[in-house]
Amino acid sequence: MLARDLLRSAPDRVRSALADRGQSPDALGAWLELDGARRTALQEVESLKQRRNEASKQIGRLKGSGADADAAIAEVAAVKERIAALEARLDGLDGELAAIELALPNLPHDSVPRGADESANRVERRVGEPPRFGFEPRAHWDLGPELGILDFERGARVAGARFTAYFGAGAALERALAQFMLDLHVTEHGYLEVLPPYIVNRDSLIGTGQLPKFAADLFKLEGHDYFLIPTAEVPVTNLHRGETLDEETLPRRYVAWTPCFRSEAGSYGKDVRGLIRQHQFHKVELVHLATPETSYDELEAMTVHAGRVLERLGLAYRVVSLSTGDLGFSAAKTYDLEVWLPGQDAYREISSCSNCEDFQARRADLRCRRGGGKARYLHTLNGSGVAVGRALVAVLENYQQADGSVLVPEALRPYLRGLERIVPRA
RNA sequence: GGAGGGGUGGCAGAGCGGUCGAAUGCGCCGGUCUUGAAAACCGGUGGACCGAGAGGUCUCGUGGGUUCGAAUCCCACCCCCUCCGCCA
């Protein structure tokens, strides 16, 4: 959510930011009009309430002294009617204002490349070298089933399209990757591990920005106002919803390994093969809560932390700064980490690290305060550290051998009882 | 799922339907005293919104209702605690 002060005082800045994101700036004109009407109505209703309150006190005094209060009571009755009418109007205005505010995306940071879509994204750096193969590297959707560790057909039987069953070394590899990432972030990067609820309420989803606009992307539990989490960003960022944190305790860095559930509505035909786009997947998520002064340093640090996972796994990747047109709803700035996938002959997103500045903090009422100073909104950041399913894809495709086996990266062997190579399951 | 108890300011804890935004204690801030600190004493201490300001409105879990007037009465919901049932 953007600050009302900002919408009022710098509407042109907001308009041009919306245009950069490829959004229509129309909503802002409507907002300004509604806001003016609201303030007018508010002033009127408040002065009526003042009269009503004074009259009530007078009635109390009159009755206390045994005098007749009928005239005053009659006057209050008339004022109350007008208050009720005005309040109904005010409620309507508040609802319309909130609907607009909750649907306005965050403003891009000045350093974000301007452009309509991903073609305007800027590659910041490349790390590692894509491996060279003496044979035609294959995709994980061929390797996995042949090794007997990924079963797309049975996943589909049990649940449906975009669900997969993992067997043997496949299941263990998923678990090993997650545990390796958690250990790395906890022991080397100073994160606090969190295991949050995998189901959240509506307020949490409003807090991080998935609702009200993106309800179609979520799985909702029938008969309850509960949703499966689309990412641990939601429960972890909302952990401190409504709290004011002492700035001495910032930044806070949390890491959580959770399943994620996404309806993937509207992505029909996209990445239909393999593990890239699933309704259910695991992700190790990084969340930082920071002061406004440090949040961009935190974003750089978070991106480095996510990249470290890929480096330890010996995977080549590049860091991309998303353009204004490609930015997510809540983000002011985002770095995507794209890992090299030989089977697709392309870099594919495996992590997305964003600074949301105070956009989510405003929605989720997350504040901070230094000493006895005034409370202010803190800044929230979130990033994958990294997507586990996609990391598994990257390991299979990058470590495949001519004979169809897959070498296990050194960093994972301690988590796989020393397993060095995945071979077809007997 | 059933029965009961409870949600008041940073914390603890009062609060006959009428100057209650809320006693008191602790904490916190400022001051006096002290070489300094502690103790003691004095004073001040929630937030949001509207307003240029004066000031006003709202806020005692949330939302409704009764009333001229609600922290106090009624209804619904949420959360916490205890017991029973069920369950990993």
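Proteins get letters first, then strands, A, B, ... in listed order; numbering begins at 1 in each.
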With a 3.5 Å limit on both atom pairs, tell me what B:C77 is paired to, counting Watson-Crick and G-U wobble, or say none. B:G61

Rounded to the nearest 0.5 Å, how far does CD1 of A:Ile73 lie from CD of A:Gln58? 11.0 Å

Using the C1' atom in both, what is the distance from B:U72 to B:U8, to the nearest Å? 11 Å

Could you tell me how far apart A:Arg4 (CZ) and B:G51 (P) are, to the nearest whole angstrom? 11 Å

At under 4.0 Å between heavy atoms, what does A:Arg8 touch on the DNA or RNA strands: base, sugar-phosphate, or nothing? sugar-phosphate

When you check the gap from the basic side-chain N to the acidic O, do A:Arg413 and A:Glu410 get nearer than 4.0 Å? yes

I'd like to know if A:Arg367 and A:Glu243 make a salt bridge, using a cut-off of under 4.0 Å between side-chain N and carboxylate O. no

Using both distances under 3.5 Å as the test, list the Watson-Crick or G-U wobble partner of B:U45, or none. B:G27

Write down the distance separating the P atoms in B:C26 and B:C75, rounded off to the nearest Å. 39 Å

Are a donor atom and an acceptor atom from the side chains of A:Tyr254 and A:Glu285 found within less than 3.5 Å of each other? no

Nearest-nucleotide pick for A:Glu46, side chain only, options being B:A48, B:U57, B:G18: B:U57

Rounded to whole Å, the CD-P distance (A:Gln43 to B:G55) equals 17 Å

With a cut-off of less than 4.0 Å, is there a side-chain N or O of A:Asn53 near OP1 or OP2 of B:G69? no

Among B:C68, B:U57, B:C49, the nucleotide that comes nearest once only the side chain of A:Arg38 is considered: B:C49

Apply side-chain contact (heavy atoms from CB on, under 4.5 Å) to A:Ile83 and A:Lys49, showing your working. CA-CA 7 Å; A:Ile83 289 175; A:Lys49 283 182 175 180; 3.9 Å; yes

When rounded to the nearest Å, what value does the distance between P atoms of B:C84 and B:C77 take? 25 Å

Between B:C11 (C1') and A:Glu243 (CD): distance, integer Å: 15 Å

Does B:U67 have its OP1 or OP2 closer than 4.0 Å to a side-chain nitrogen or oxygen of A:Lys80? no

What's the CD1-P distance between A:Ile83 and B:C68, to the nearest Å? 14 Å

Compare all side-chain heavy atoms of A:Ser111 with those of A:Lys333 and state whether any distance is below 4.5 angstrom. yes

Does the gap between the ring centers of A:Tyr296 and A:His379 come in under 6.0 Å? no

Could you tell me the Watson-Crick or G-U partner of B:C86, where both distances fall under 3.5 Å? Say none if there is no partner. none

From CD of A:Glu44 across to P of B:C50 the rounded distance in Å is 17 Å

When the C1' atoms of B:G7 and B:U62 are considered, how many whole Å apart are they? 12 Å

Side-chain N or O of A:Arg52 less than 4.0 angstrom from OP1 or OP2 on B:C68? no

Just compare B:C50, B:C58, B:G56 and give me whichever is closest to any side-chain atom of A:Gln50. B:G56

Whole-Å P distance, B:G61 and B:A71: 10 Å

A:Ile59 CD1 - B:G17 C1' separation (whole Å): 14 Å

Could you check whether A:Lys49 gets within reach of a base, just the sugar-phosphate, or nothing at all, counting any heavy atom under 4.0 Å? sugar-phosphate

In the strands shown, is B:U66 matched to any nucleotide by a Watson-Crick or G-U wobble pair with both distances under 3.5 Å, and which? none

If you only use heavy atoms from C-beta on, which nucleotide in B:G69, B:A48, B:G56 is closest to the side chain of A:Ser56? B:G69

Complement of B:C20, any strand, by Watson-Crick or G-U distances under 3.5 angstrom: none

Taking only the P atom of each, what is the distance from B:A23 to B:G9 in whole angstrom? 12 Å

Strand partner of B:U72, provided both Watson-Crick or wobble distances fall under 3.5 Å: none

Name the pairing partner of B:A40, where a pair is Watson-Crick or G-U wobble with both distances under 3.5 Å, or state none. B:U32

From CG of A:Asp5 across to P of B:G51 the rounded distance in Å is 10 Å

Scan A:Tyr198, A:Trp257, A:Tyr166 and name whichever one has a ring pair (Phe, Tyr, Trp, His ring centres under 6.0 Å) with A:His282. A:Trp257

Where the side chain of A:Ile73 is concerned, which of B:C68, B:C58, B:C79 is the nearest nucleotide? B:C68

Rounded to whole angstrom, note down the P distance from B:G46 over to B:C29. 15 Å

Relative to the 5' end of RNA chain B, which residue comes earlier, A:Ala375 or A:Arg39, by the nucleotide with the nearest heavy atom? A:Ala375

Whole-Å distance separating the NZ atom of A:Lys57 from the P atom of B:A70: 12 Å

Measuring only the C1' atom in each nucleotide, how far is B:G17 from B:G69? A whole number of Å is fine. 8 Å

